[in-house]
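Along the sequence shown, residues carry numbers from 1.
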Amino acid sequence: MEMKRLLLQMLPRYAVGRMLIYSRLMRVEKPIGTLLLLWPTLWALWIASEGVPDLIILAAFLMGTFLMRSAGCVVNDFADRDIDGAVERTKSRPFARGLVTKSEALLLLLILCMLAALCLLPLNSLTWLMSLPALFLAITYPFTKRFFPLPQFYLGLAFSFGIPMAFAAVKETVPSVAWLLFTANVLWTLAYDTIYAMADKEDDLKIGIKTSAITFGQHDIAAVMLCHFWFTVLMVILGIQIKATWPYWLAVPLVVYWQWQQYQTIKTRDRQACFRTFLENNRIGLAWFIAIGLHYCWWFLCGLFRQLGWTF
């Protein structure tokens, strides 16, 4: 009886301990990846719905984004389980420390994917269809680092598929403006994830994996800034296509200024500075979301004023 009582006392502690490890495997404590995946999805939802997204669709994409980013982290650590210990930034991850088994990770991955699939239930069949390449890209990305010279570009494709899915969910079609936004986001992802790869460049060279920072070599900074440049150009073209009002255009000089700051920082090639610069891309995503949201707010106000017979 005493042994049974002790086991019952230990079980909750064990369960909590495992949940904490699984949450670290999912990077719950590091939301930057979720946010970088979420911003372009929200851009697309607001544009597709002209500023008034359906709450059920919005909730489905919010939860689906969190779950799929978590699933991507699990499969990434599974793929890198034998090399994370050799990288300074990743040596404390659960797999690198032997805190989780392969079967546990695969079961967690399956659960996360099933929960993400449930988020698709209130959405239309085209969105379900679009989720298949999105899932394939998310699951296969971590393995591209073994053979593909630009895995950050592949990640850009994975991180951008929420855009056509959002348009499909709202409009039941994927118009050209969605693919314009998709291309812009691929370039932005390639830019910030190359900066991320610059922070790990020395370790990645030692263990022999592929990254865009290694592939671009001494031209890595030029490649980052070129991607930032064309990302901003495409966002300007997007603004023209959606007939953006003045709040949208305020984001352009602000984003360009932040991109210039990134150049000033990453040209030192300091590891910690590059990592901080990667994190700062979150504010670029937020700035564009606010700009898109304010554009539609102003658009609605102008329509209301016209109905009231006010001119200005």
request  = For side chain to side chain contact (heavy atoms under 4.5 Å, CB included), just list the numbers for L36 and F278, CA-CA rounded to whole Å, side-chain angles, deciding distance to a tenth of an Å, and then say yes or no.
outcome  = CA-CA 10 Å; L36 290 173; F278 158 74; 3.8 Å; yes

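- The environment of OH in Y296 is crowded: more than 12 heavy-atom neighbours from other residues, nucleotides or ligands sit within 6.0 Å.
- Residue W43 holds its CH2 atom at 9.5 Å from OG1 of T41, rounded to the nearest 0.5 Å.
- Environment of CD in Q261: crowded, with over 12 heavy atoms of neighbouring residues, nucleotides or ligands closer than 6.0 Å.
- H228 contributes atom NE2, which lies 5.0 Å from atom CG of N281 (distance to the nearest 0.5 angstrom).
- The two residues A48 and A166 come nearest to each other via the heavy atoms CB-O, 4.4 Å.
- Looking at W39 and N185, their side chains never come closer than 4.5 Å, going by heavy atoms from C-beta outward.
- Without hydrogens or angle criteria, H295 side chain to P247 main chain gives no donor-acceptor distance under 3.5 Å.
- One hydrophobic cluster, built from ILVMFWY side chains closer than 4.5 Å, holds both L106 and I111.
- Distance check, rounded to the nearest 0.5 Å: CZ of R276 to OG1 of T265 gives 7.5 Å.
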ask   = Between Q259 and I284, does a side chain to side chain contact (heavy atoms under 4.5 Å, CB included) hold up when you go through it step by step?
value = CA-CA 9 Å; Q259 290 169 338; I284 291 179; 4.3 Å; yes

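- When all heavy atoms are compared, the tightest approach of R24 to P94 is CB-CG, 4.0 Å.
- A distance of 6.5 Å separates CG in L58 from CG in L42, rounded to the nearest 0.5 Å.
- A pairwise comparison of heavy atoms in N282 and I32 identifies CB-CD1, 3.5 Å as the closest pair.
- Side-chain contact between F66 and L62 is absent, with no heavy atoms from C-beta onward closer than 4.5 Å.
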ask   = So D204 and K145, salt bridge (charged side-chain N to carboxylate O under 4.0 Å, His left out) or not? Walk me through it.
value = CA-CA 10 Å; D204 292 339; K145 291 178 281 187; over 6 Å; no

key: Working for side chain to side chain contact (heavy atoms under 4.5 Å, CB included), residues V100 and R81   = CA-CA 10 Å; V100 67; R81 62 189 182 278; over 6 Å; no

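- Counting non-hydrogen atoms of neighbouring residues, nucleotides and ligands closer than 6.0 angstrom, the CH2 atom of W230 reaches no more than 12 such neighbours.
- Residue R269 comes nearest to G217 through the heavy atom pair NH2-O, 4.5 Å, listed as atom of the first residue, atom of the second, then distance.
- Using a 4.5 Å cut-off on side-chain heavy atoms (C-beta onward), Y22 and V74 make no contact.
- For W246 and W298, the ring centers sit closer than 6.0 Å to each other.
- What you find for C113 and L135 is that their closest heavy atoms are SG-CD1, 4.0 Å.
- Grouping the Ile, Leu, Val, Met, Phe, Trp and Tyr side chains by contacts below 4.5 angstrom, directly or via other members, places L120 apart from I56.
- Below 30°, between 30° and 60°, or above 60°: for W188 and F231 the angle between ring planes is below 30°, a parallel geometry.
- Within the 4.5 Å cutoff, the side chain of K201 has heavy atoms near those of the D220 side chain.
- Between L108 and L112, the closest side-chain pair of non-hydrogen atoms falls below 4.5 Å.
- Residue M225 holds its CE atom at 6.5 Å from CD1 of I266, rounded to the nearest 0.5 Å.
- Here the closest heavy-atom approach between residue A199 and residue R271 is recorded as O-NE, 2.8 Å.
- Of the options L25, L99, N76, a side-chain contact (heavy atoms from CB on, under 4.5 Å) to R93 is made by N76 and by none of the others.
- Side chains of F147 and K210 form no contact here, defined as non-hydrogen atoms less than 4.5 Å apart.
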request  = Test I57 against F61 for side chain to side chain contact (heavy atoms under 4.5 Å, CB included), laying out the working first.
outcome  = CA-CA 6 Å; I57 294 177; F61 274 91; 3.7 Å; yes

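- Taken together through direct or relayed side-chain contacts under 4.5 Å among Ile, Leu, Val, Met, Phe, Trp and Tyr, L155 and I214 form parts of separate hydrophobic clusters.
- F275 and L205 fall into different hydrophobic clusters, where Ile, Leu, Val, Met, Phe, Trp and Tyr are joined by side-chain heavy atoms under 4.5 Å apart, directly or via other members.
- Ring geometry for Y154 versus F148: interplanar angle over 60°, hence perpendicular rather than tilted (30 to 60°).
- With salt bridges taken as basic N to acidic carboxylate O contacts below 4.0 Å, one links D80 and R146.
- If you take OH on Y141 and CD on Q152, they are separated by 5.0 Å, rounding to the nearest 0.5 Å.
- With hydrophobic clusters built from ILVMFWY side chains whose heavy atoms lie under 4.5 angstrom apart, I242 shares a cluster with V52.
- Using a distance-only test at 3.5 Å, with no hydrogens or angles considered, a donor-acceptor pair links the side chain of T215 to the main chain of P149.
- For W179 and F182, the ring centers sit closer than 6.0 Å to each other.
- Side-chain atoms of R69 come within 3.5 Å of backbone N or O of R27 as a donor-acceptor pair.
- The shortest distance between side-chain heavy atoms of V252 and Y257 does not fall below 4.5 Å.
- With W249 contributing its side chain and A244 its backbone, the two residues share a donor-acceptor pair below 3.5 Å.
- Side-chain contact between N124 and T127 is present, with heavy atoms from C-beta onward closer than 4.5 Å.
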